[in-house]
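Heads up, the thing below is written out as structure tokens.
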Amino acid sequence: SYNQLNDELPDPLPVPLRLLNLSHNYIHVQLPGFASGAPSLAQLDLSFNQYSGGIPAGWGGLLGQSAASVEVYIQNNLLIGILPEVSVRI
């Protein structure tokens, strides 16, 4: 976080990650689709940027991996629309 990034992120990510914190930057493109293909991801923080548009539909799978497996922070952006449908396994 706090790196003054302002461009798109690689999609897919080059390595498996458990934690990705890109908060407090100047990223202003749409939310990346890579999150839906990151099964090892436990925490994703994209808050306090300038992301615009909606949340990708593929994120429904990420958010519904299990009840406690992924923490996602996307507050304080310029997002619009609805959250994708999430299916949770209990």
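Residue numbers run from 1 in the order of the sequence given.
Applying the 6.0 Å contact sphere to CD of Q75 captures more than 12 heavy atoms from other residues, nucleotides or ligands.
With rounding to the nearest 0.5 Å, the separation of CG in N3 from CG in L22 is 8.0 Å. Here the OG-CG distance, from S23 to N77, works out to 10.0 Å after rounding to the nearest 0.5 Å. With values rounded to the nearest 0.5 angstrom, Q4 atom CD is found 5.0 Å from Y26 atom OH. If you take CG on N21 and CG on L19, they are separated by 6.0 Å, rounding to the nearest 0.5 Å.
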L46 and Y73: CA distance, side-chain angles, deciding distance, side chain to side chain contact (heavy atoms under 4.5 Å, CB included) verdict: CA-CA 6 Å; L46 301 174; Y73 303 94; over 6 Å; no
Checking Y51 against L78 for the side chain to side chain contact (heavy atoms under 4.5 Å, CB included) test, could you report, in this order, the C-alpha distance in whole Å, the side-chain angles of both residues, the deciding distance, and whether it holds? CA-CA 5 Å; Y51 284 110; L78 304 172; over 6 Å; no
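Remark: side-chain polar atoms of N25 are not paired, donor with acceptor, to backbone N or O of I27 under 3.5 angstrom. Without hydrogens or angle criteria, N76 side chain to F48 main chain gives no donor-acceptor distance under 3.5 Å.
Judged as a side-chain hydrogen bond (donor to acceptor under 3.5 Å, both in side chains), and not counting sequence neighbours, the contacts of D45 are S47.
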